[in-house]
Structures are given as C-alpha cells and as structure tokens.
Asks: 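Here you go, one structure.
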Amino acid sequence: MDFVKVVDTAVGFCKDQINKAMDLWDSFDEDQKKLLIGCAVCVVAVIAVAGIAYGLGKAQGKRIALEEEDF
C-alpha cells in the first residue's frame with residue numbers, strides 16, 4: 001500500500017469538500033450568513049452549558065456517594 005497515494009487522495013477529497021462548502025457559503029446573502037453564524041454560536045453555547053452542568057452533576061453525585069459510604 002502506497003501511503004503517499006492515500007494521503008494525496010485524502011488531501012484531494014478534503015480540497016473538493018472545502019471548495020463545495022465555500023461555494024455554498026458564497027451563495028448566501030449577508031442576512032443568511034449572519035443567521036447561520038448566530039445559530040452556530042447558540043449551538044456552541046448550549047453544548048458548553050450542558051457540558052458544565054453534566055460535570056457539576058457528576059461531581060456532586062460522587063461527593064454524595066462518598067459521604068454515604070461507610071469506610
């Protein structure tokens with residue numbers, strides 16, 4: 001198996017996908033671009049809040065479990 005050929009094929013595929021995405025992005029008008037960016041920011045914020053809440057809940061659960069344990 002020729003790894004250079006595999007890497008070259010992967011780079012070519014990525015280049016084609018990026019070109020398609022950029023063509024799609026360029027086809028949007030300014031209002032659509034602002035809406036899309038706003039939606040992306042909201043999604044990132046929701047994921048961050050959910051991750052923080054999960055981490056805090058998990059830590060709280062461990063603390064309660066350790067307090068109930070009789071050593």
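These values consider heavy atoms only, across backbone and side chains, with no hydrogens, waters or symmetry-generated copies. For clarity, every value in this text was computed on a predicted model and none was experimentally measured.
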Asks: Please report the interatomic distance CD1(I52) to CD1(I47), rounded to the nearest 0.5 Å.
Replies: 12.0 Å
Asks: Would you list the pairs meeting side-chain hydrogen bond (donor to acceptor under 3.5 Å, both in side chains) in which at least one residue belongs to residues 42-61, sequence neighbours left out?
Replies: Q60-R63
Asks: With a 3.5 Å cut-off and sequence neighbours excluded, list the donor-acceptor pairs that the side chains of residues 9-25 form with protein atoms.
Replies:
unit_1: T9; atom_1: OG1; unit_2: K5; atom_2: O; d: 2.8
unit_1: N19; atom_1: ND2; unit_2: K15; atom_2: O; d: 3.3

Asks: Side chain to side chain contact (heavy atoms under 4.5 Å, CB included) with K34: which residues, sequence neighbours excluded?
Replies: none
Asks: Between atom CD1 of I37 and atom CZ of F28, what is the distance when rounded to the nearest 0.5 Å?
Replies: 10.5 Å
Asks: Applying the 4.5 Å side-chain criterion to the ILVMFWY set and letting contacts propagate, would V46 and V41 be lumped into a single cluster?
Replies: no
